[in-house]
Structure formats: C-alpha cells, structure tokens
J.: 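Pasting a structure here, questions to come.
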Amino acid sequence: MEPNQSWTPPPPSPPPPPAPPASSSQAVTALVLGILGVVCCGLLAPIAWYLGNQELQAIRQGRAPASGEGLAKAAQILGIIGTILLVLTTLWVFFAGGMAILQGIAANQ
C-alpha cells in the first residue's frame, strides 16, 4: 500500500429482510376446529366455517395478516365439508331411528 492511500472499511451489509407476520390465532383455531369437525366432532364444523369466514373477511379488510389466508380458507372448506357430513349424519340417524320405531310398531300389531 502506498503511503498516501488510506484504508476504508467495506460498507456494512444490508439488514436482513423483516420476517413475515405470523398467521393470526383465529386462523389457526378455525383450522383446528375444522379438522376436528371432520374427523371426530361434527358439531365443531359449523364453528370452523364461521371462524374461517370471519378471518377471511378480516384479511380482506386489512385487520388480519395475509399470511393466514391459506389456513382460513382450509378451515372454511373443512367447515363446509364437516357441516354437510353433520347434516347427512343427523338426517340418517333421524330417518333410521324413525324407521326403527315404525318397524317396532308394525311388528307389535
């Protein structure tokens, strides 16, 4: 190095990009309820459908982070499927139960 040149340090590296916002807890809750509504407890499915709809509206209005949109959409779909299964199961139970009662009455006559 020559005596008249001065050494300058390299410029600092740019800061890392900010982390994406985490999904809202309502989107996660709706997804868990949707899974439970389809798998074991059909009464939770309409709640998951409602919460999924609410979360999607909040995302569209900017009140919730957009990173939860996929979870909310999945919860909404699982809620719809679970609600349909709940209605069909309820109808089947009432229809089969009603038929069993009618068969019992007919058998006693």
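In this chain, numbering begins with 1 at the start of the sequence shown.
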J.: How would you list, by chain and number, every residue that makes a side-chain contact (heavy atoms from CB on, under 4.5 Å) with S25, sequence neighbours excluded?
T.: none
J.: Give me each pair satisfying side-chain hydrogen bond (donor to acceptor under 3.5 Å, both in side chains) with a member in residues 31-53, each pair once, sequence neighbours excluded.
T.: N53-Q76
J.: Let me check something: do I80 and L85 share a hydrophobic cluster, defined by ILVMFWY side-chain heavy atoms less than 4.5 Å apart, either directly or through other members?
T.: no
J.: When Ile, Leu, Val, Met, Phe, Trp and Tyr are grouped by side-chain heavy atoms lying under 4.5 Å apart, directly or through other members, which residues fall in the same group as V93?
T.: W92
J.: Do L56 and I77 sit in one hydrophobic cluster, given that two such residues count as connected whenever their side-chain heavy atoms are within less than 4.5 Å of each other, even indirectly?
T.: no
J.: Any chance you could measure I59, atom CD1, to S67, atom OG, to the nearest 0.5 Å?
T.: 7.5 Å
J.: Can you tell me how far the CG atom of L43 sits from the CG atom of L36, to the nearest 0.5 Å?
T.: 12.0 Å
J.: Please report the interatomic distance CD(E69) to NZ(K73), rounded to the nearest 0.5 Å.
T.: 8.0 Å
J.: With sequence neighbours left out, what residues match L71 under side-chain contact (heavy atoms from CB on, under 4.5 Å)?
T.: S23, A27, V28, L31
J.: Atom CG of L44 and atom CG of L78: how far apart are they, to the nearest 0.5 Å?
T.: 12.0 Å
J.: For A48, give me all partners under side-chain contact (heavy atoms from CB on, under 4.5 Å), at least two apart in sequence or on another chain.
T.: L33
J.: Of all residues at least two apart in sequence or in a different chain, which pass the side chain to side chain donor-acceptor pair (under 3.5 Å) check with S24?
T.: E55
J.: Show the nearest heavy-atom pair for residues T83 and A45, with the distance to one decimal.
T.: N-CB, 3.5 Å
